[in-house]
Structures are given as C-alpha cells and as structure tokens.
Number of protein chains: 2
Amino acid sequence: MKKGLLMVYTGKGKGKTTAALGMIFRALGHGFKVCMIQFIKGAWRYGELISAKRFGELLDLHVLGKGFTWKSKDIEKDVQAAREAWRFAKESINSGKYQLVVLDELTYLMKYKMVDEDEIVGFLKSHPKDLHIVVTGRDAPESLVKIADLVTEMQEIKHHYHSGIKAQKGIEY
Amino acid sequence: MKKGLLMVYTGKGKGKTTAALGMIFRALGHGFKVCMIQFIKGAWRYGELISAKRFGELLDLHVLGKGFTWKSKDIEKDVQAAREAWRFAKESINSGKYQLVVLDELTYLMKYKMVDEDEIVGFLKSHPKDLHIVVTGRDAPESLVKIADLVTEMQEIKHHYHSGIKAQKGIEY
C-alpha cells in the first residue's frame, strides 16, 4: 500500500453505508484486516452482522452509538457515547492492526456538534499513511471534503419509500 | 419478501458497483441466494472474487462481458458477447433460484446499443415479484429510471485520480 486514502460517501441518497460495506467486501478479499465502527446504532444492520462473521478474524465490527435519534430523551448520554465512540475510533486507527477503517455515519457527530469538527478533521488529516479510511454520512462538512482524497455524493433520484413500500429485509437491513 | 425491488445505481461518481457489493454482503447475511453478473470484464475485480468464495453456494458470480473497451478491435464479437450475457441474465432472473440478482454495468449495453433498450427495460419491468434486482452503470436511460423503485445517482465531488494517485489494491479492485 502506497498511500492511505481518506474516502467520503455523503449526500441524501441511499447507498453510503452500502458502498462502505462493498469496499469492506472487496478489501477482505485481499486479506486486509478491516475495522468498521458504526456511530449511530440502528435497527437496520442485521444482515451485515451475520455476513461479518464469515470473515472471522479479518473483520471487526463495532456498533458504538447509543441509537441517537431526534426522539432521544437524554442528549447528554448520547453525547458522551459519541465521544467515547470517537475515542475508540482514534485508538483503532492508531493501533496499526488495520488496513481499512470504516467510520460509518461519523458526519452526524459533527453535524450535531457532539464532537468538535476541527478535532475530527485534524485527526483524520494526519492519519497513518498505511491505512485507508472511509467516512459515511449526510452533510459532510466542507473541511472534511477539503482534506479527503475521494468524495462521492449520493443523490436520491427516486425512492420506493415515496411510493409507500416498506423497508425490505436483506436489502436495507 | 413482499415485493421485488428494482434498484439502480448510476452517475459518474465512484461507488456504484461498490454499493451493489455492499447490498450483496447484506443479503448474504440473511441467507439470500444471490447472483451477480458483470457485463463488462474489467481488471479491477479481484478482491470480490476472493470474498465471494467465502459465501460458497450462496453467491454465484459471473463475469460475462468480453472486456468491452473503446480500444476494442472487434465490435461484433463484443456485441455478441453482450447479447449472450443478457440472455444468461434473463435465465438467471427467471430461474427462481435467487432472491437478489445484480446486473453490474448493464447500462453500458443500452448506452452502446449492444442490446435494445426497450427489450431490457421491458423485461425488467415484468421481472418476478419475489426477487430484487440491482442495476449499476453510468447514464441509466430515462426509461429505466421510470420503472425503477430506487434510483441513486453517485456524483463525483472529488477524486484522488485527479491528484495523480493510482488505483489502490483492496480499495478499487
């Protein structure tokens, strides 16, 4: 590996986390050791947890967020969980154990000011050179886009939710 | 499964095939039987072939295109290969063996008029209801967008190729 890339999948469209999963799938094929950290705990993540087991030692998947939503009753606890998750992410990146680290929905921590944007972007800017990092989430801040090697924006052109079809097992979760 | 979805990942940005791979990863976790057909043979697909083996019977991966490029010396052979690949795709979809079929870079067959657009869109419109289909590739035609349940356009905001960094093993292939 010559240079560690910082890649960002952002935008309102579907496929950000899915693209990150695909990147993991590809990297695992090369025998890379991969760490995926999910900063927002969601209900739609069952399929990949099971798939992850097939790769045993190669893939560490951590769901660290406390299920932050707009309905949250205890923002302080959410913020604390987010900060602990970010600390864990930094340790994972610095551990030297991985060739790819995926920070899923990290942008939300910046958007809702749970962790300081400058702190996150500053850290990612100087990340170890022999490691690739993928960040996903809506509304990637300009400062992150500026330091990233690759930024793809997923735009929603058409979505079946709009036609009243519910989320489908094996497709969205 | 209630309704088979037709999903399209298009646009010029990175992450179309990668998102499809992520969807496969998720679906396999649920024990879905998956078929992925690659219509354009490329050199950057090594990682996923190896990963695919981990899922054994659950994932059938077919690389059917003849490596169609602008450099091709024998367009007629490319067209024939594309048509055979499309026939194979229809058989796979109609076989009843799969819950998810990924048609990777299918849009190119329409764009370069190797297979008739109406034929492809017509077939996909009436595909079996108990099966999800994912189509990837640039320039998805309007007629395909019209019948799809989900369309995401990947927009390239920033790409490291532009800064002179080469494609990276485990990330792009």
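Below, all heavy atoms of this structure are taken into account, side chains as well, without hydrogens, waters or symmetry copies. Model, not experiment: these values are computed from the prediction. Labels below follow one simple rule: chain letters A, B, ... track the order of the sequence lines, proteins then strands, and each chain is numbered from 1.
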Discussion item. Tell me whether A/Glu84 at atom CD has more than 12 heavy atoms from other residues, nucleotides or ligands lying less than 6.0 Å away.
Written reply: yes
Discussion item. Which one wins on heavy-atom pair count under 4.5 Å against chain B: A/Val145, A/Thr18, A/Leu21?
Written reply: A/Thr18
Discussion item. Contact between A/Thr17 and B/Arg26 at the side-chain level, heavy atoms closer than 4.5 Å - yes or no?
Written reply: yes
Response to the item:
Honestly, the part of B/Leu6 sitting under 4.5 Å from a heavy atom of chain A is neither
Worksheet item: Counting distance only, does the side-chain N/O of B/Thr152 pair as donor-acceptor with the main-chain N or O of A/Met154 below 3.5 Å?
Response: no
Item to complete: Heavy-atom distances under 4.5 Å only: say whether A/Leu100 touches chain B with side chain, backbone, both or neither.
Response: side chain
Worksheet item: Would you find more than 12 non-hydrogen atoms of other residues, nucleotides or ligands less than 6.0 Å from A/Lys90 atom NZ?
Response: yes
Fill in: Contacting region of A/Tyr9 [heavy-atom separation from chain B under 4.5 Å]
side chain
Practice prompt. Name the option with the most non-hydrogen atom pairs under 4.5 Å to chain B; the candidates are A/Gly11, A/Gly15, A/Ser51, A/Ala20.
Written response: A/Ser51
